[in-house]
Amino acid sequence: MKAGTHALLRPSLLVLALVLALLPLAMPNNYVIDVAVRIALAAVAAIGLNLLMGFAGQISIGHAAFVAIGAYGSGIVTVRFGWPPLAAIGGAALGAAVVAWLIAKPILRLKGHSLTMATLGLGVIVNIVLINEVDWTGGPDGMPVPPLVIGGFAFAKVLHWYTLAAVLLWLSVLLSLNLYESPGGRALRGLNGSEVAARVMGVDVARFKVRAFVLSAVFAAVSGSLTAHYLGFISPSLAAFAHSVELATMVVLGGMASTFGAVLGAALLTALPQLLGGLHGYEMVFFGLVLMLTMMFLPKGLVPSIALKLRRKA
Amino acid sequence: MADLMQFVFSGLTTGAIYALAALGFSLIYNASGVINFAQGDFLMLGAMITAAMLGANLPYGLAIAGGVLATVAAGLLLYRLAIKPAGEASVVSLIIITIGASIFIQGVVQIVLGKNQQTLPPFSGDASLSVLGAYVLPQSLWVLGTAAVLVALCFAFFRFTMIGKAMLAVAANALAARAVGIPTSRVLQLSFGLSALLGAVAGVVAAPITTTVYDIGLMLGMKGFVAATLGGLGSAGGAVVGGLIVGLLEALMAGYVSSAYKDAVPFVLIVFILLVMPHGLFGAKTSERV
């Protein structure tokens, strides 16, 4: 796998670019494009979370906290301080990075269930803050976010948004794949396998874990910022446990340690409810089942399992 | 002073609830090394089903029995259908499976029993007693008393019964336990059933005070975990002390600082504890099972 993957990188990126470019031709109406935009934005957050869960092996079920920090960061500085959206997105991403960096050191010294529980705590705390700081966040009712205008160009049509989200998704995949192959990515995968072994090989485990955490927070925040501008409205449910679990489910279903797995997971979990005509209160049952069944029957997730099947046939 | 006593009593009451949730964590962890993220949902399930049966005009005692039995069944099923088939799965897989189970249980309850808050009537009236200048609900005494009894039973179970000792043996070394003829799978199944039992009883006793709702298990479970960690995972006495400390800190935070942010206390606490003393107050210093 190690030798083959690098050569495979370029074709897979080309194929992704082609698919993303041609997809609008196959999309019959704005509703379908809207779903595609949501998928792409969710996929960016999932790719980021995969850096942490898949590469570094650190489960987070509080990752929606960073999506919310991105969304509310953008919302607050545009609405209350009149920042232009692009600066707001950058500022929110930076803010999320700083928050992640500050809490990474203590939180990442925890392992297994303790870390999982601590990330959950992070989500809970952010959720509490969003609900209680009414003057800043609008409290439980949420707050409006102005539309996206970059350099005088207003993203008014859903196809504009598709273009933006597709480019962002492609860049995220590129970045993630390159990280996977970079020395840092190897180090992360090494510590996923055995932290002790990685440390013996001279990997600065703590530093790489912190980097993965900060980077995954930035992905989540950018996704959150754009989602906020796209929807035009945000509420504390962005930071809710259910949303964190949804993100983790995307990564687990698609396949931990697989960038395309995160994209597939995001696509399936965003599109399926739409195809089924909405889950109408069955979301939790659905996500819970997906999580359990994936771990029981496809512990590697969809993309790695399919890849293995194909390789065996070949 | 009266204020302080009031906070202390309400802290001890919620602390006793956390202690019971923590006991459930410890029980399963002791037997299997698994942290069951659905532990809090057992508390919710017991209380919600009891409330539903009361709503169907069953007598209180029967409703409680039904709620507890149904929860035990859920615990056994969780092991049978999800944990056992996963076999020798990694810790990460098991964590994800129990998180999935937690969401699944919440989803089913939300659909079948609804999203509304339910409350149970207090066991023995709601005329509050005056203790050292503080008002104490009789139900608080039920919670504290039940916690004390269950903790004592847990102690006795592990110390004096063969099954309890078998459980400890499985936890220490499953292979060796199997070699001496302990049916490991049945022991593990029992640990899930028992922790569901503990959870359900805790949930039912607490519900008249806390009320219950489909997603309350998340908070209860997490605080139970913090309590168990603080006390030292796997230690029954530690679970109790941990629970009471978490409950007290939370009540003092709510009373003197901010009630909005009281729920943040346990989470800050857990990161702090695990950094300063990774084995908790009473945890074994030698066993590293991460």
Side-chain angles (χ1 to χ4, degrees), chain A residues 53 57-59 61-62 103 105-129 131-134 192 195 240-242 244-246 248-249 251-252 256 279-297 299-300, chain B residues 25 29 33-38 78 81-83 85-87 89-111 115 214-215 218-219 221-222 225-226 229 233 258-264 266-275 278 288-290:
Chain A
M53 286 179 58
Q58 317 289 316
I59 305 184
I61 46 169
I103 59 174
K105 267 265 158 73
I107 222 177
L108 289 174
R109 278 177 60 188
L110 310 177
K111 282 182 210 146
H113 44 253
S114 304
L115 175 69
T116 309
M117 215 52 99
T119 57
L120 173 61
L122 173 70
V124 170
I125 291 174
V126 169
N127 205 11
I128 296 175
V129 172
I131 290 171
N132 283 295
E133 299 303 319
V134 182
N192 189 2
E195 204 169 293
F241 176 60
S244 285
V245 168
E246 192 177 346
T249 312
V251 173
V252 169
M256 285 198 264
L279 289 167
H280 299 306
Y282 286 80
E283 296 90 350
M284 299 190 89
V285 173
F286 178 70
F287 288 129
L289 271 181
V290 171
L291 272 180
M292 284 196 284
L293 295 177
T294 310
M295 273 299 118
M296 287 162 66
F297 300 112
K300 286 189 190 313
Chain B
F25 277 114
Y29 184 80
V34 175
I35 285 296
N36 173 25
F37 278 72
L78 170 61
L81 300 180
I83 306 289
S90 65
V91 175
V92 168
S93 300
L94 287 172
I95 290 176
I96 295 172
I97 288 176
T98 60
I99 291 171
S102 163
I103 316 274
F104 179 76
I105 294 173
Q106 289 179 40
V108 171
V109 169
Q110 186 191 327
I111 292 163
K115 275 185 157 185
Y214 76 98
D215 62 356
L218 189 65
M219 225 34 146
M222 302 315 122
F225 176 82
V226 175
T229 312
L233 263 175
S258 147
S259 63
Y261 286 100
K262 75 178 167 60
D263 285 335
F267 297 109
V268 177
L269 191 66
I270 188 181
V271 174
F272 180 74
I273 296 160
L274 285 165
L275 293 178
E288 175 73 301
R289 264 193 300 212
V290 184

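Heavy-atom basis, side chains included; hydrogens, waters and symmetry copies ignored. What you see is a predicted model, and the numbers here were worked out from it, not measured in a lab. Chain identifiers are assigned alphabetically (A, B, ...) following the order of the sequence lines, protein sequences preceding nucleic acid strands; residue numbering begins at 1 within each chain.
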Which atoms of [X] are under 4.5 Å from chain A, going by heavy atoms: the side chain, the backbone, both sets, or neither?
| X | value |
| --- | --- |
| Phe37(B) | side chain |
| Ile83(B) | neither |
| Ser93(B) | both |
| Ile111(B) | side chain |

- Contacts of Gln106(B) that satisfy side-chain hydrogen bond (donor to acceptor under 3.5 Å, both in side chains) - sequence neighbours left out: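 Partners of Gln106(B) by the side-chain hydrogen bond (donor to acceptor under 3.5 Å, both in side chains) criterion, ordered by chain and then number, come out as Asp41(B), Ser102(B).
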
- Task: Answer with side chain, backbone, both or neither: which region of Ile61(A) has an atom nearer than 4.5 Å to a non-hydrogen atom of chain B?
- Result: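 Only the side chain of Ile61(A) comes within 4.5 Å of chain B.
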
- Message: What part of Val290(A) gets within 4.5 angstrom of chain B, counting heavy atoms only: side chain, backbone, both, or neither?
- Response: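 Interface part for Val290(A): neither.
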
Drop me the distance from [X]'s [atom1] to [Y]'s [atom2], to the nearest 0.5 angstrom.
| X | Y | atom1 | atom2 | answer |
| --- | --- | --- | --- | --- |
| Met296(A) | Leu81(B) | CE | CG | 7.0 Å |
| Leu289(A) | Ile103(B) | CG | CD1 | 11.0 Å |
| Phe267(B) | Ile128(A) | CZ | CD1 | 7.5 Å |
| His113(A) | Phe25(B) | NE2 | CZ | 10.0 Å |
| Ile96(B) | Met292(A) | CD1 | CE | 12.5 Å |

- Shortest non-hydrogen contact from Ala260(B) to Asn132(A)?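 Taking Ala260(B) first and Asn132(A) second, the nearest heavy atoms are CB-OD1, 3.3 Å.
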
- Ile99(B), Thr229(B), Val268(B): which one forms the most heavy-atom pairs within less than 4.5 Å of chain A?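 Heavy-atom pairs under 4.5 Å are most numerous for Ile99(B).
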
- Could you tell me which of Lys115(B), Met222(B), Met219(B) has the largest number of non-hydrogen atom pairs under 4.5 Å with chain A?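 Option with the greatest count: Met222(B).
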
- Task: Quick one: list whatever passes side-chain contact (heavy atoms from CB on, under 4.5 Å) with Pro106(A), sequence neighbours left out.
- Result: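 By the side-chain contact (heavy atoms from CB on, under 4.5 Å) rule, Pro106(A) matches Val271(B), Leu275(B).
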
- Are Tyr261(B) and Ile125(A) close enough that some pair of their side-chain heavy atoms sits under 4.5 Å apart?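 No - every pair of side-chain heavy atoms lies 4.5 Å or more apart.
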
